[in-house]
J.: 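Structure provided below as C-alpha cells; questions to follow.
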Amino acid sequence: MNNTCAVVVFPGQGAQRRGMGKDFFDNVTASRNTYEEASQALGWDVANLCFEENDQLDMTEFAQPCILTTEIAMLRGLESLYDFKPQFFGGHSLGEYTALVAAGAMPFDQAVQAVQVRGQLMQKAAPPGTGAMAAVIADNLDAAFLKKVIGGLNIDVANINSSSQLVISGDASNMAAAETKLTEILGRESDMRFIRLNVSAPFHSRFMQPVEAEFKKVLEAFSDQLVPENALRVTSNFTGKFHSGIRETIIDNLVSQLSNPVRWTDNMTALSQKSRDIYEIGPDRPLRRFFKGLDVTCRSITKLSAAERTFR
C-alpha cells in the first residue's frame, strides 16, 4: 500500500492500556526495535512497563513516554508492513509530540526523554488533590461562553474536543460549583453531562504556568536537532493551525500548550482540509468520535489485527 495523502492522528494521556502494542512488538521487527530504542534513551524497560502488571503505567511521568513509544512503534510497524506513508499529522495533547516525531520534526529519543520530564513537571505544578478536570457534554457547546460561566472559579477550558464535548480544568475545591452553574444554565436547553476525570493534576490550565520556564529549557536543550520545516505538516494544539517552520515558535507553542486549551476542533478542521483519508493510531480510539462530529470518517487502529483488516 502507498497512501501518500493520508492524515494520521494520535491520542494522548488516558489512552494507555496494559499490554498496549504487544502484538506489534511480538510480530513486527520495526516495532520491537522502537521499544528497545526508547528503553535505551530512558534507562528503563519501556516494553516491560507497557506489557506487565505495574501501577506506574498510570503515573503521568511514565504514561507519557510509554504512550508515545507505543504509537511510534505502531506507526513504524504499519510503514514497514504496508508501505504506509502518511503526509500530515496531528495529536491530542501528548499526542502532538508523537505527531512531531512521526513527521520527522523531532528525534524520537529526545522526544521520549522530553515527555517524561513533561509528565514530572505537570505533576509537580499542582500538589495531589488540589486540581481536577471534568468533561462537559452537551449539544452546541461554545468555549467562550463556558469560560464566562465558570469565570472566577480558578477553572479554565482545557480541551475543545468537539461541539458536544469540552473539558475544564482547575481548582478541585471549585469543581462542584462549576458543575452547579453549568447544570443550571446548560441543563435548561439540553441534557448536559458533567463527568469528573480520573487525572492526577489540572492539565492545560493556569496551574501549569509555574513549570513552563523549566520545560522550555528541556526543549531548547535539543532544539538544534529539530527539523522545523517538517513541523509544517503537523498541527499545533496551541494555535489550532499547522506549525510554522520556525524553530523558536515551535518550542514556544509546545510550552504554551501546557497551560492553554487544546484546540482539537480547529486541528481536526485543518487536517481534514488536507485529506479525508484519516487514521487514528494508538492504544485507544478516543479521537474518531470527535471527527464524526465534523462528519469526517476517522479509521482507528489499536491492534495489529485491525491494521490487517484496514490495509489488506
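In this chain, residues are counted from 1 in sequence order.
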J.: For the residue pair Gln113 / Arg118, report whether a side-chain donor-acceptor contact shorter than 3.5 Å exists.
T.: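 Side-chain D/A pair, Arg118 to Gln113: absent.
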J.: To the closest 0.5 Å, what do you measure between CG (Asp191) and CD1 (Ile137)?
T.: 12.0 Å
J.: What residues form a side chain to side chain donor-acceptor pair (under 3.5 Å) with Asn154, not counting sequence neighbours?
T.: Arg206
J.: Checking Ser173 against Asp171: is there a side-chain donor and acceptor pair closer than 3.5 Å?
T.: yes
J.: Please check if any side-chain donor atom of Gln116 sits under 3.5 Å from a side-chain acceptor atom of Trp44, or the reverse.
T.: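 Indeed, the side chains of Gln116 and Trp44 share at least one donor-acceptor pair under 3.5 Å.
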J.: Would you please indicate if the ring centroids of Phe84 and Tyr279 are separated by under 6.0 Å?
T.: yes
J.: Would you say the ring centroid of Phe242 lies under 6.0 angstrom from that of Phe89?
T.: no
J.: Using the side chain to side chain donor-acceptor pair (under 3.5 Å) rule, pick out the option among Thr235, Thr98, Asn161 that qualifies with His92.
T.: Asn161
J.: So, applying side chain to side chain donor-acceptor pair (under 3.5 Å) with Arg17, which one of Asp284, Thr70, Thr302 is it?
T.: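 Only one of Asp284, Thr70, Thr302 forms a side chain to side chain donor-acceptor pair (under 3.5 Å) with Arg17, namely Asp284.
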J.: Consider only side-chain N and O atoms of Thr60 and Ser200, and report whether a donor and an acceptor are under 3.5 Å apart.
T.: yes
J.: Could you walk me through whether His243 and Glu96 pass the side chain to side chain donor-acceptor pair (under 3.5 Å) check?
T.: CA-CA 11 Å; His243 273 287; Glu96 184 175 343; 2.7 Å; yes
J.: Side chains of Gln123 and Glu61: do they bring a donor and an acceptor to under 3.5 Å?
T.: no
J.: Does Asn253 reach the side chain of Ser236, with side-chain heavy atoms less than 4.5 Å apart?
T.: yes
J.: Check this for me: Arg193, atom CZ, are more than 12 non-hydrogen atoms of other residues, nucleotides or ligands nearer than 6.0 Å?
T.: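 Atom CZ in Arg193 is not crowded, with 12 or fewer foreign heavy atoms closer than 6.0 Å.
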J.: Are Ser93 and His204 linked by a side-chain donor-acceptor pair shorter than 3.5 Å?
T.: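 Side chains of Ser93 and His204: pair found under 3.5 Å.
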J.: Any side-chain heavy-atom pair from Pro228 and Ile250 closer than 4.5 angstrom?
T.: yes
J.: Is the terminal nitrogen or CZ of Arg76 (NZ for Lys, CZ for Arg) located under 6.0 angstrom from the six-membered ring centre of Phe108 and within 45° of that ring's axis?
T.: yes
J.: Has Glu220 got more than 12 heavy atoms of other residues, nucleotides or ligands less than 6.0 Å from its CD?
T.: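 Yes - once you tally the heavy atoms of other residues, nucleotides and ligands closer than 6.0 Å, there are more than 12.
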J.: If you round to the nearest 0.5 Å, how far is CG of Asn230 from CG of Leu100?
T.: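 CG of Asn230 is found 10.0 Å from CG of Leu100.
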J.: Do Phe24 and Tyr35 have their ring centres less than 6.0 Å from each other?
T.: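 Here the rings of Tyr35 and Phe24 have centres that are no less than 6.0 Å from each other.
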J.: For Arg289, does the CZ atom have more than 12 heavy-atom neighbours from other residues, nucleotides or ligands under 6.0 Å away?
T.: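 Buried by this count: over 12 neighbours within 6.0 Å.
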J.: If I take atom CZ from residue Arg309 and atom CZ from residue Arg299, how far apart are they, to the nearest 0.5 angstrom?
T.: 13.0 Å
J.: Mind checking the CZ-NZ spacing from Phe51 to Lys22? Nearest 0.5 Å is all I need.
T.: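 So the CZ of Phe51 and the NZ of Lys22 are separated by 6.5 Å.
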J.: side-chain contact (heavy atoms from CB on, under 4.5 Å), that's the test. Do Ile67 and Phe10 meet it? Break it down for me.
T.: CA-CA 10 Å; Ile67 294 167; Phe10 302 98; over 6 Å; no
